[in-house]
Each structure stands twice: as C-alpha cells, then as structure tokens.
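Just so you know, residue 1 is the first one in the sequence shown, and it goes up from there. The structure displayed is predicted, hence computed values, not measured ones.
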Amino acid sequence: MMKLNKNNVFANLPMSNYDEVKALSLISYAVAKKLNISEQEVKSSFLSREATCSSSIGEKIAIPKASASEVSEPQIFAFTSEMPIDWVSVDDKPVNIFLAIVAKSNVDIDYEGIKKQLLKNAEKLQKSKIDPDQLTNTINDLLLQGVEI
C-alpha cells in the first residue's frame, strides 16, 4: 500500500500562466530532486503519457503518471496551485490539484480505483488543498478506502 508522505506535498504553488507542459516540468523537477533520479526520464515519461491521454480526470484534478527505472517502490506526490491551470480535461475545467504517481513501468497500480475515490471526494480535496497536513491526511484516507496501490 502506497502512502503519501507529507514531504512529497507541495501546496498552493504560484503557477499562474502555466499550462500542462510548464506544470509537468515543475512536477518533474520536484519529483526528480526528492527521489534523486533523472529529471529528464521523469519529464519525458510524464509528457509522453500526457500526449497519449490527458491526466486530467475532471473536477479540477489531474493524475500525471511517470515511469522511472530507478524507483524501487511506487511514489505518490501531491501538488496544488493557487490558481487553476488550463488543461485538456474531460469536463473542460482547469486543474488545481495534481496527484503525480511515479513507479517502475511494470508495476500494477489501480488508477481506476484511485480516480473514482478522488472524484467522489473532489470537494473534500478542494477544501484541504492549501494545507499540506490536511491534504496529506485526506489523500491517505482516500487511498486506504480499498484502493490497492
């Protein structure tokens, strides 16, 4: 079971005038720094996956995914932005909560289960998005509700 570590939460970032590429670049940089892995590998993985299928799941939430060969256990990161960012999304809403998941390419993760939990609790996430402690607890509570990671 993967848990969100409070040290992997970046809340209320000033990302005005950002788009998907800029946001994913910032996320890649933070993830690579924290995990001490190749920023280029993470960034190109996020971007190539985004080009295939938008990571926005609706309700102002995106779940960007990257594979990284140097990551032993799947890692989860939470980013929130002060202002919502324009993003190609299923409901045409901008995005202000990003739950980035980084894992080896052969690791099975229940993205559908995670997506359902996040969408079902979108309002709760929006309320806790500026407080790193609250956001960490909210996401961990959701992940513990039967979602296998």
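Taking hydrophobic clusters as Ile, Leu, Val, Met, Phe, Trp and Tyr residues chained together by side-chain heavy-atom distances below 4.5 Å, Met83 does not share a cluster with Val21. Both Leu99 and Leu125 belong to a common hydrophobic cluster when Ile, Leu, Val, Met, Phe, Trp and Tyr are linked at side-chain heavy-atom distances under 4.5 angstrom. Cluster membership check: Tyr111 does not share its hydrophobic cluster with Ile27, using side-chain heavy-atom separations under 4.5 Å among Ile, Leu, Val, Met, Phe, Trp and Tyr. Cluster annotation: Val42 is not connected to Ile109 through the hydrophobic network of ILVMFWY side chains, with a link wherever side-chain heavy atoms come within less than 4.5 Å.
Between Ser38 and Glu70 there is a side-chain heavy-atom pair separated by less than 4.5 Å. Inter-residue side-chain proximity for Asn96 and Ser81 is flagged as met; some heavy-atom pair is nearer than 4.5 Å. The closest side-chain heavy-atom distance from Leu143 to Asn140 is below 4.5 Å. Between Phe98 and Ile85, some side-chain heavy-atom pair lies under the 4.5 Å cut-off. At least one side-chain heavy atom of Leu26 sits under 4.5 Å from a side-chain heavy atom of Met15. A heavy-atom distance below 4.5 Å is found between the side chains of Glu20 and Val88. Side-chain atoms of Ile114 and Ile101, non-hydrogen and from C-beta on, do get closer than 4.5 Å to each other. Side-chain atoms of Val95 and Ile61, non-hydrogen and from C-beta on, never get closer than 4.5 Å to each other.
Closest heavy-atom contact between Leu119 and Gly58: CD2-O, 3.7 Å. When all heavy atoms are compared, the tightest approach of Ala103 to Val107 is CB-CB, 4.2 Å. Nearest heavy atom pair, residue Glu59 against residue Ala122, reads CB-CB, 3.6 Å.
Between the side chain of Thr80 and the backbone N or O of Asn12 there is at least one donor-acceptor pair closer than 3.5 Å. Looking only at distances, a side-chain donor or acceptor of Asn121 sits under 3.5 Å from a matching main-chain atom of Gln117. In this structure, the side chain of Glu41 engages the main chain of Ser69 through a donor-acceptor pair within 3.5 Å. Judged purely by atom type and a 3.5 angstrom limit, Ser54 has no side-chain atom pairing as donor or acceptor with the backbone of Glu50. Of the possible polar contacts, one joining the Lys34 side chain to the Asn7 backbone as a donor-acceptor pair under 3.5 Å is found. Between the side chain of Ser45 and the main chain of Ser67, a donor-acceptor pair closer than 3.5 Å is present.
Heavy-atom contacts from other residues, nucleotides or ligands closer than 6.0 Å to CG of Asp91 number more than 12. Residue Asp86 qualifies as open at atom CG: its count of foreign heavy atoms under 6.0 Å is 12 or below. The number of heavy-atom neighbours closer than 6.0 Å to CD1 of Ile130, taken from other residues, nucleotides and ligands shown, is 12 or below. Around atom NZ of Lys6, no more than 12 heavy atoms belonging to other residues, nucleotides or ligands sit under 6.0 Å away.
Put simply, CG on Asp141 and OG on Ser128 are 10.0 Å apart, with the number rounded to the nearest 0.5 Å. Gln134 CD to Lys129 NZ: the interatomic distance, rounded to the nearest 0.5 Å, is 12.0 Å. In this structure, the separation between NZ on Lys60 and CG on Leu118 is 15.5 Å, given to the nearest 0.5 Å. Atom CG of Leu142 is separated from atom CG of Asn137 by 11.0 Å, given to the nearest 0.5 angstrom. Atom CD1 of residue Ile139 and atom CD1 of residue Ile76 lie 6.5 Å apart, to the nearest 0.5 angstrom. Atom OG of Ser25 sits about 8.5 Å away from atom CG of Asp19, to the nearest 0.5 Å.
A donor-acceptor pair shorter than 3.5 Å cannot be found between the side chains of Gln40 and Lys43.
Using cut-offs of 30° and 60° for the angle between ring planes, the Phe10 and Phe77 rings count as parallel.
In this structure, the ring of Tyr18 has its center no less than 6.0 angstrom from the ring center of Trp87.
When each of Val102, Asn8, Val71 is paired with Val31, the side chain to side chain contact (heavy atoms under 4.5 Å, CB included) condition holds for Val102 and for no other.
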Practice prompt. Assess whether side chain to side chain contact (heavy atoms under 4.5 Å, CB included) is satisfied between Leu47 and Leu24, documenting all intermediate values.
Written response: CA-CA 7 Å; Leu47 292 173; Leu24 289 170; 3.9 Å; yes
